[in-house]
Student: 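Before anything else, here's the structure in question.
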2 protein chains.
Amino acid sequence: MDRMNSDAKSTPTEDDSPSCLGGDHEHHPVKIDDSACERAAAIFRALGDPQRLRLLIMLEARSYCVSELAQSLAEPLPAISQRLRILKSERVVRSRREGKHVFYSLADGHISRLVTNGVMHAMEDT
Amino acid sequence: MDRMNSDAKSTPTEDDSPSCLGGDHEHHPVKIDDSACERAAAIFRALGDPQRLRLLIMLEARSYCVSELAQSLAEPLPAISQRLRILKSERVVRSRREGKHVFYSLADGHISRLVTNGVMHAMEDT
DNA sequence: TAAACAGTTGCAAGATTGAGCAAGTGTACG
DNA sequence: CGTACACTTGCTCAATCTTGCAACTGTTTA
């Protein structure tokens, strides 16, 4: 009953390529910078965590120091600091020191828009 | 020794207060839906992989079938299928069958905008 | 100077994930 | 009917990431 489909090894067909539409395809390898692609993915990845995203949502309103964030979210301070560190390493947020407090804010409006768009889309989606 | 830091910056709160959370931080802990937050994070997370992002960038132009994507990116078909599966599970892409081919496309314009914004930001890279 | 507060970082345990191979499902066509 | 093609999915392995506690740096105040 079983048909061992031992057709061949990999080599995803390179000769005929009669694939989808019968050969009307022009496969352009996409001229997007690899680095830009990776960078964008890194940013998305930084945003891809509920905990970090919540941090960013708060920071959309204004700057907060770590203590405030930790208190508002009712989470241990080191955890918050660590998340902020990740976000900062991707240049999603910026930090400035004021006395013995460190205030964090979104890096720029671009990030803000990204966050807003994502959340809005998530809300619309059923 | 006693006085050295003459920052002279207007502290956000009275410097008399021991900390920034002296008690006037009674503002609401962000009224963003938890579900929306998680959902948004899930979407960002789906976009947060260079391989998947590349797929999405291609799909921004038009629909592609799995074979075509695998060929264009020179990667094994199961790998592509797997990535598409993840993207589909987050409703980032949609699939439609046509004969023995399965065509994938971006779920909606919102996603497209999200991808574009992210890549553009990555290119600018402040 | 020492103590207290604000944040950061190191290290190990735990969970989640992505890749690769192989086998399974399903469709078209001889 | 059965084969070839297109795609999916189980499976395991390895890499990655998050967290939690504790220790450390740095700043302000007594």
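Worth saying up front: this structure is predicted, and the values here are computed from it rather than measured. Just so it is clear: chains get the letters A, B, ... in the order the sequence lines come, proteins before strands, and each one is counted from 1.
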Student: Can you measure A:Q51 atom CD to C:dT16 atom C1' for me and round it to whole angstrom units?
Tutor: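 One finds 14 Å between C1' of C:dT16 and CD of A:Q51, rounded.
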Student: Starting at atom CG of A:L87, determine the distance to atom C1' of C:dT8, rounded to an integer number of angstrom.
Tutor: 15 Å
Student: Using atom CG of B:L77 as one end and atom P of D:dT8 as the other, report the distance to the nearest whole Å.
Tutor: 8 Å
Student: Whole angstrom is fine here: how far is it from CZ in B:F44 over to P in C:dT17?
Tutor: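 Those two atoms, CZ and P, are 18 Å apart.
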Student: Hey, is CZ on A:R85 packed in by over 12 heavy atoms from elsewhere, all under 6.0 Å?
Tutor: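 Counting neighbours around CZ of A:R85, 12 or fewer heavy atoms of other residues, nucleotides or ligands fall under 6.0 Å, so no.
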Student: Just how far, in rounded Å, is C1' of C:dC5 from CD of A:E68?
Tutor: 15 Å
Student: Ring-plane angle category for B:H110 and A:H121, please: parallel below 30°, perpendicular beyond 60°, tilted otherwise.
Tutor: perpendicular
Student: OP1 or OP2 of D:dT18 less than 4.0 angstrom from a side-chain nitrogen or oxygen of A:R52, does that happen here?
Tutor: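 Answer yes for this pair, as a side-chain N or O of A:R52 is under 4.0 Å from OP1 or OP2.
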Student: Using a 4.0 Å heavy-atom cut-off, does A:L84 contact any base of the nucleic acid, only the sugar-phosphate backbone, or nothing at all?
Tutor: nothing
Student: Choose from D:dT19, C:dA19, C:dG18 the nucleotide whose nearest atom is closest to any side-chain atom of A:R83.
Tutor: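 Ranking D:dT19, C:dA19, C:dG18 by closest atom to the A:R83 side chain puts D:dT19 first.
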Student: Both A:P76 and B:K88 contact DNA chain D. Taking the nearest nucleotide for each, which residue is further toward the 5' end?
Tutor: B:K88
Student: Closer than 4.0 Å, any side-chain N/O of B:R45 to the OP1 or OP2 of C:dT17?
Tutor: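 Yes.
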Student: Can you tell whether the side chains of B:R54 and A:D34 come within less than 4.0 Å, N to carboxylate O?
Tutor: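 Salt bridge present between B:R54 and A:D34.
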Student: Roughly how many Å is it from CG in A:L55 to P in D:dT19, rounded to a whole number?
Tutor: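 Distance, rounded to whole Å: 11 Å.
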Student: C:dT9 P sits how many Å from A:I80 CD1, rounded?
Tutor: 15 Å
Student: Taking all atoms of both residues into account, what is the closest heavy-atom pair of B:L53 and A:A40, and its distance?
Tutor: CD2-CB, 3.6 Å
Student: Within the structure shown, what part of the strands sits under 4.0 Å from B:I86 by heavy-atom distance: base, sugar-phosphate, or nothing?
Tutor: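 Touches sugar-phosphate only.
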Student: Give the nucleotide from the list D:dT8, D:dT27, C:dA28 with an atom nearest to the side chain of B:K100.
Tutor: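 Out of D:dT8, D:dT27, C:dA28, the nucleotide with an atom closest to B:K100's side chain is C:dA28.
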Student: Shortest non-hydrogen contact from B:S63 to B:R96?
Tutor: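 Shortest heavy-atom separation between B:S63 and B:R96 comes out as OG-NH1, 3.6 Å.
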Student: Are A:R62 and A:E68 within salt-bridge range, i.e. N to O under 4.0 Å?
Tutor: yes
Student: Look at A:Y104 and C:dT8 and indicate whether a side-chain polar atom (N or O) is within less than 4.0 Å of OP1 or OP2.
Tutor: yes
Student: Mind checking side-chain hydrogen bond (donor to acceptor under 3.5 Å, both in side chains) for B:T116 and listing every partner two or more places apart, or none if nothing turns up?
Tutor: B:E60
Student: The side chain of A:V102 lies closest to which of these nucleotides: D:dT27, C:dT8, D:dT8?
Tutor: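 The closest nucleotide is C:dT8.
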Student: Output a table of nitrogen or oxygen pairs between the protein and nucleotides 9-12 of chain D separated by less than 3.5 Å.
Tutor:
| residue | atom | partner | partner atom | Å |
| --- | --- | --- | --- | --- |
| D:dT9 | OP2 | B:R85 | NE | 2.7 |

Student: B:H101 NE2 to D:dC5 C1': how many Å, rounded?
Tutor: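 After rounding, the reported distance stands at 8 Å.
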